[in-house]
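Structure first, then comments.
Nothing fancy with the numbering, it's 1 onward along the sequence.
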Amino acid sequence: MDYVIIVAGGKGLRMGGDIPKQFLPLCGMPVLMHTIRRFARALPHAQMVLALPHDHQALWQQLCREHGFSLSVTVVDGGATRFHSIANALAAIPEDADGVVAVHDGVRPLVSEQVIVRCMETARKKGAAIPVVPVVETLRHVEEGTVDRNAYRLVQTPQAFRLSLHRSAYGQPYDDAFTDDASVVEHYGHPVTLVEGNRENIKITTPADLRMAEALLAQA
């Protein structure tokens with residue numbers, strides 16, 4: 001059995017409103033629902049776990065009723081940090097479970113199904129896989145000047161791992177250096193494999209991002 005952990009802890013502060021960004025309407029449906037539907041199509045037999053702040057769960061349930069959204073998702077409380085939210089989600093997966101787990105940002109609704117499958121298949125073979133895209137703009141170090149952009153990649157989600165490896169990595173004490181799952185697994189001592197992402201897989205954090213997502217969905 002494979003698993004998907006969706007992390008949706010945003011407060012929407014950069015959106016300038018009171019509605020958490022994962023619940024903002026996108027082409028007639030909350031952003032988070034678009035994200036979950038992408039995974040349901042790409043991995044129809046995977047079990048999904050949604051890490052959501054406790055204070056947001058009543059609103060999520062209300063939105064599900066209003067939109068007739070009935071995809072099976074286990075909801076767990078988000079933690080103080082992303083690391084702790086994912087630890088809570090892992091605790092909801094049976095201890096004797098095996099397979100691959102993907103971790104994805106709830107506000108990345110435009111990940112392609114091909115990228116999802118590519119990450120899962122690579123993690124099954126290599127243990128850990130993350131999607132990346134090339135840097136296309138000039139990249140400059142604040143103090144040292146322009147650097148070779150070909151030496152860098154922009155990291156996306158989903159980040160996928162063998163479940164046993166992921167659990168073991170999350171047995172480590174929390175560290176401020178843990179910015180994503182790849183950093184947790186690498187700190188544990190396991191390398192990650194880079195796979196091709198899709199540039200449309202943007203993280204919605206500002207009103208401009210939301211407008212871009214609407215335009216991209218309209219073209220799909």
Side-chain angles (χ1 to χ4, degrees), residues 1-11 20-23 30-33 35-40 42-64 69-108 111 116 119-120 122-124 126-131 155-192 203:
M1 175 64 70
D2 291 333
Y3 296 85
V4 176
I5 295 173
I6 306 286
V7 186
K11 298 181 179 179
K21 57 190 176 183
Q22 59 267 25
F23 299 148
V31 168
L32 183 55
M33 291 183 186
T35 303
I36 293 172
R37 286 179 63 182
R38 291 273 171 137
F39 279 86
L43 306 172
H45 302 298
Q47 293 188 9
M48 284 190 271
V49 182
L50 171 62
L52 196 63
H54 185 78
D55 292 346
H56 294 174
Q57 292 176 19
L59 176 56
W60 170 244
Q61 293 168 1
Q62 176 187 331
L63 290 170
C64 287
F69 190 78
S70 59
L71 289 175
S72 179
V73 180
T74 299
V75 179
V76 301
D77 287 347
T81 68
R82 179 187 179 88
F83 178 92
H84 296 98
S85 293
I86 294 169
N88 289 349
L90 283 170
I93 297 174
E95 291 186 6
D96 59 350
D98 197 8
V100 174
V101 59
V103 182
H104 190 66
D105 298 321
V107 289
R108 286 186 185 268
V111 60
I116 295 171
C119 288
M120 297 295 280
T122 304
R124 209 178 307 280
K126 301 289 189 178
I130 63 173
V155 177
Q156 302 177 329
T157 65
Q159 299 185 357
F161 310 89
R162 289 194 194 115
L163 182 56
S164 57
L165 169 63
H166 199 244
R167 281 193 191 279
S168 297
Y170 269 82
Q172 301 174 101
Y174 172 72
D175 191 300
D176 286 339
F178 294 161
T179 56
D180 63 359
D181 289 80
S183 60
V184 177
V185 169
E186 285 179 320
H187 189 271
Y188 182 68
H190 196 287
V192 300
K203 186 175 183 180

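The side-chain contact (heavy atoms from CB on, under 4.5 Å) test with T157 singles out one residue from D105, I5, I116, and that residue is D105.
Judged by distance alone, with hydrogens and angles left aside, the side-chain atoms of Q172 form a donor-acceptor pair with the main-chain N or O of A169 at under 3.5 Å. Of the possible donor and acceptor atoms, none in the side chain of R162 sits under 3.5 Å from a partner among the backbone N and O of V100. Remark: side-chain polar atoms of S85 are paired, donor with acceptor, to backbone N or O of G79 under 3.5 angstrom. Judged purely by atom type and a 3.5 angstrom limit, D181 has no side-chain atom pairing as donor or acceptor with the backbone of Q159.
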> For L63 and F69, what are the C-alpha separation, side-chain angles and deciding distance, and is it a side-chain contact (heavy atoms from CB on, under 4.5 Å)?
Replying inline: CA-CA 8 Å; L63 290 170; F69 190 78; over 6 Å; no
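Between L52 and F23, some side-chain heavy-atom pair lies under the 4.5 Å cut-off. Using a 4.5 Å heavy-atom cutoff, the side chains of L59 and H56 are not in contact. Residues D180 and Q156 have side chains not in contact (no heavy-atom distance under 4.5 Å, counting atoms from C-beta outward). Residues I93 and M1 form no side-chain contact, since every pair of their non-hydrogen atoms from C-beta on lies 4.5 Å or further apart. Residues S72 and Q47 have side chains not in contact (no heavy-atom distance under 4.5 Å, counting atoms from C-beta outward). Between V7 and H104 there is no side-chain heavy-atom pair separated by less than 4.5 Å. Between W60 and L32, some side-chain heavy-atom pair lies under the 4.5 Å cut-off. Counting only heavy atoms from C-beta outward, the side chains of I130 and C119 never approach each other to under 4.5 Å.
The line from CZ of F178 to CD of E186 is 11.0 Å long, rounded to the nearest 0.5 Å.
The minimum heavy-atom distance linking H190 with G127 is given by the pair CE1-CA, 4.1 Å. Between G106 and T35, the shortest heavy-atom distance links the atoms O-OG1, 2.7 Å. Closest approach of A46 to Y3, counting heavy atoms only: CB-N, 4.4 Å. In terms of heavy-atom proximity, A8 sits nearest to Q22 at O-NE2, 3.1 Å. V111 and P158 get closest at one heavy-atom pair: CG2-CD, 3.7 Å.
Looking at D2 and H45, their side chains never bring a donor and an acceptor atom within 3.5 Å of each other.
Remark: aromatic rings of F83 and Y170 are close, center separation under 6.0 Å.
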